[in-house]
Amino acid sequence: KRVCGALEIVYAREADRTAEAISAHAEAAGDWQKAFEWSMRAWGAASGRWHWSQAVAGIERAERAALQLEADEASALTPANKLKLLLGLGEGYFSVGRLAESEKVLAEAVALAESFDNRTALASALLLQGQTRNSCSMYREVEEPTGRALELYLQMHDADGVAQALLQLGSAQIALGNHEVAARFIKQSLEHVSPESYIAATALGDLAWAQVLQGRFAEGVPLLERALAYHTNLGDVRERAILLRCLNWASHGMGQYEKAIQLATLACTESRGIEDVHGETKSQMRIGRARVAQGLYEEGVVLLERTLETLNATGDAHCEAETLWTLGVAHLEAG
């Protein structure tokens, strides 16, 4: 407790840098209110830098403190703070590939935001819920929460929110193979933001991904490389890993298997660095796929079977289907 107090005083002007340490000491001291407040601050600082493993550690510490506070009605969290906690948990779990947990807490967040008519928080919860469903391959189920979020952002004249919702609707359509519909959503999203913005860079990557999936490598690859350079400069590791996997797919489609493996291996390392189990698993599947294409069936099968084991926990049906298909190809070609 004394250390906690000293850190607050000595590092008063560097609160974000020391928030994690202060929250850990507050938890050890059993000061649950202070542990909750500083853990939420630690979450904000880490998530703002896309350090998702640290962010999740912070938000889970906040959750433990909140449970202790709930035991005493006088010190229980306000609905607003409870909502912030649920949104943080939902975003954090999504970002490290814990998709089932993300879906569960975001359903709670949506219900809580509706209960006291907080439009801003409800829009955020719905958008995150759509994002998680997209990663779980629930592409048709993305439309309902994301469409509701879009309506709310339009009512609030939130241009970034509108662009993000349109982009998410487009992403789901890409996965369903409706590339023309996806392109319309993505182009609409670009109308709401600056061409130099983070959202525009993400939209550029999505548009390029749709082109690559259609075999339009000459158009898609340069755009993917531009988006990759943007996110690399920004330090967004998770988005960088996604783009590396997109480039892997393009290299594989052009028969450049060793390059595809290099890109997937780099994506795997990036995802592992931020403890994104889902991203790491998808990257591993891409390496196995390339090995099968090279005729290295035994090595490919080992990687693909390892992928299937992890997919049971992450819940990505699309990746599971791709893995099963590639395993079938491996066994067939190996006789």
Inset, instruction - Determine, stepwise, if the pair Thr323 / Thr307 fulfils side-chain hydrogen bond (donor to acceptor under 3.5 Å, both in side chains). - result: CA-CA 7 Å; Thr323 306; Thr307 298; 5.3 Å; no

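- Summarising the local packing, CD of Gln155 is surrounded by more than 12 heavy atoms from other residues, nucleotides or ligands at distances under 6.0 Å.
- In this structure a side-chain-to-backbone donor-acceptor pair under 3.5 Å is missing from Thr146 to Leu127.
- For the pair Leu303 and Arg289, the minimum side-chain heavy-atom distance is 4.5 Å or more.
- In terms of the salt bridge (charged side-chain N to carboxylate O under 4.0 Å, His left out) criterion, residue partners of Arg64 (sequence neighbours excluded) are, by chain and number, Glu27.
- Of the residues listed (Val162, Thr202, Asp160), the one engaging Val193 in a side-chain contact (heavy atoms from CB on, under 4.5 Å) is Asp160, and it is the only one.
- Using a 4.5 Å cut-off between side-chain heavy atoms of Ile, Leu, Val, Met, Phe, Trp and Tyr, with links allowed through other members, Leu224 and Ile242 fall into different hydrophobic clusters.
- We find the CG-CG distance between Leu150 and Leu169 to be 6.5 Å, quoted to the nearest 0.5 Å.
- Counting non-hydrogen atoms of other residues, nucleotides and ligands closer than 6.0 Å to CD of Gln294 gives a total above 12.
- Side-chain atoms of Val96 and Ile274, non-hydrogen and from C-beta on, never get closer than 4.5 Å to each other.
- Residues Val142 and Gly130 approach most closely at CG2-O, 3.6 Å, considering heavy atoms.
- You'll find the side chain of Glu239 reaches within 4.5 Å of the side chain of Tyr198, heavy atoms only.
- Distance check, rounded to the nearest 0.5 Å: OG1 of Thr132 to CD of Glu91 gives 9.5 Å.
- Listed for the Asn178 side chain is no donor-acceptor partner under 3.5 Å among the backbone atoms of Val181.
- You'll find the side chain of Val277 stays beyond 4.5 Å of the side chain of Arg98, heavy atoms only.
- Residues Leu213 and Leu247 are members of one and the same hydrophobic cluster, defined by side-chain heavy-atom contacts under 4.5 angstrom among Ile, Leu, Val, Met, Phe, Trp and Tyr.
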List the steps, then state whether side-chain hydrogen bond (donor to acceptor under 3.5 Å, both in side chains) holds for Gln33 with Glu37. CA-CA 6 Å; Gln33 187 61 47; Glu37 291 168 1; 3.0 Å; yes

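- The aromatic rings of Trp209 and Trp249 sit perpendicular to each other, their planes meeting at more than 60°, with 30° as the lower class boundary.
- Neither Leu77 nor Val110 shares a network with the other; the hydrophobic side chains, linked directly or stepwise wherever heavy atoms of I, L, V, M, F, W or Y lie under 4.5 Å apart, form separate groups for each.
- Salt bridge present: Glu8 and Lys34 bring a charged side-chain N and a carboxylate O closer than 4.0 Å.
- Note that NE2 of His179 is 10.0 Å distant from CD of Gln173, once rounded to the nearest 0.5 Å.
- A salt bridge does not link Arg49 to Glu20: none of the charged side-chain nitrogens sits closer than 4.0 Å to a carboxylate oxygen.
- In terms of modelled atom types and a separation under 3.5 Å, the side chain of Asn233 and the main chain of Ala229 share a donor-acceptor contact.
- Side chains of Leu304 and Gln284 form no contact here, defined as non-hydrogen atoms less than 4.5 Å apart.
- Residues Leu167 and Ile186 are in side-chain contact: their nearest non-hydrogen atoms beyond the backbone lie under 4.5 Å apart.
- In this structure, Ala66 and Leu85 approach most closely via the heavy-atom pair CB-CD2, 3.8 Å.
- For Ser47 (side chain) and Gly44 (main-chain N/O), a donor-acceptor pair under 3.5 Å exists by modelled atom type.
- The environment of Arg216 atom CZ is dense: over 12 non-hydrogen atoms of other residues, nucleotides or ligands sit within 6.0 angstrom.
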| Please walk me through it: do Ser95 and Arg238 pass side chain to side chain contact (heavy atoms under 4.5 Å, CB included)? | CA-CA 8 Å; Ser95 298; Arg238 187 168 63 84; 3.9 Å; yes

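- Of all non-hydrogen atoms in Ser53 and Glu275, the two that sit nearest each other are CB-CD, 3.4 Å.
- Linking ILVMFWY residues whenever their side-chain heavy atoms come closer than 4.5 Å, directly or via other members, leaves Leu86 and Leu99 in distinct clusters.
- Met285 is connected to Val301 through a chain of hydrophobic side-chain contacts under 4.5 Å among Ile, Leu, Val, Met, Phe, Trp and Tyr, so both are in one cluster.
- Put simply, the side chain of Tyr230 does not reach to within 4.5 Å of the side chain of Leu204, judged on heavy atoms.
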- request: Mind running side chain to side chain contact (heavy atoms under 4.5 Å, CB included) on Val212 and Cys246 for me, showing each step along the way?
  value: CA-CA 8 Å; Val212 163; Cys246 293; over 6 Å; no

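- At least one donor-acceptor pair under 3.5 Å links the side chain of Asn248 to the backbone N or O of Ala260.
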Practice problem: Please step through side chain to side chain contact (heavy atoms under 4.5 Å, CB included) for the pair Tyr11 and Arg17, ending with a clear verdict. | Solution: CA-CA 8 Å; Tyr11 296 101; Arg17 188 166 73 84; 3.7 Å; yes

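- Residue pairs meeting the ring-ring contact (aromatic ring centres under 6.0 Å, His included) criterion with at least one member in residues 301-320, sequence neighbours excluded, are Tyr139-His318.
- Salt-bridge annotation for Glu144 and Arg148: present, with a side-chain N of the basic residue lying under 4.0 Å from a carboxylate O of the acidic one.
- Checked by atom type and distance alone, the side chain of Thr18 never pairs as donor or acceptor with a backbone atom of Ala21 at under 3.5 Å.
- Considering CZ of Arg272 and CD of Glu280, their distance stands at 4.0 Å, rounded to 0.5 Å.
- Crowding of Glu60 atom CD: a count of heavy atoms from other residues, nucleotides or ligands under 6.0 Å exceeding 12.
- We find the NE2-OG distance between His278 and Ser283 to be 10.0 Å, quoted to the nearest 0.5 Å.
- Side chains of Lys1 and His25 form no contact here, defined as non-hydrogen atoms less than 4.5 Å apart.
- With rounding to the nearest 0.5 angstrom, the NE2 atom of His192 is 5.5 Å from the CG atom of Leu166.
- For the pair Tyr297 (side chain) and His331 (backbone), a donor-acceptor distance under 3.5 Å is absent.
- Between the Arg286 side chain and the Arg245 main chain, a donor and an acceptor come within less than 3.5 Å of each other.
- Salt bridge absent: Lys84 and Glu63 never bring a charged side-chain N and a carboxylate O closer than 4.0 Å.
- For residues 80-135, there are no ring-ring contact (aromatic ring centres under 6.0 Å, His included) pairs, not counting sequence neighbours.
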Residues Trp32, Leu69; criterion side chain to side chain contact (heavy atoms under 4.5 Å, CB included); working and verdict | CA-CA 6 Å; Trp32 306 118; Leu69 291 169; 3.8 Å; yes

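- Between Asn134 and Ser171, the shortest heavy-atom contact is ND2-OG, 3.0 Å.
- Using a 4.0 Å cut-off between charged side-chain N and carboxylate O, Arg133 and Glu141 make no salt bridge.
- When all heavy atoms of Arg61 and Ala24 are compared, the closest pair comes out as NE-CA, 3.8 Å.
- Between Ala109 and Leu83, the shortest heavy-atom contact is O-CD1, 3.4 Å.
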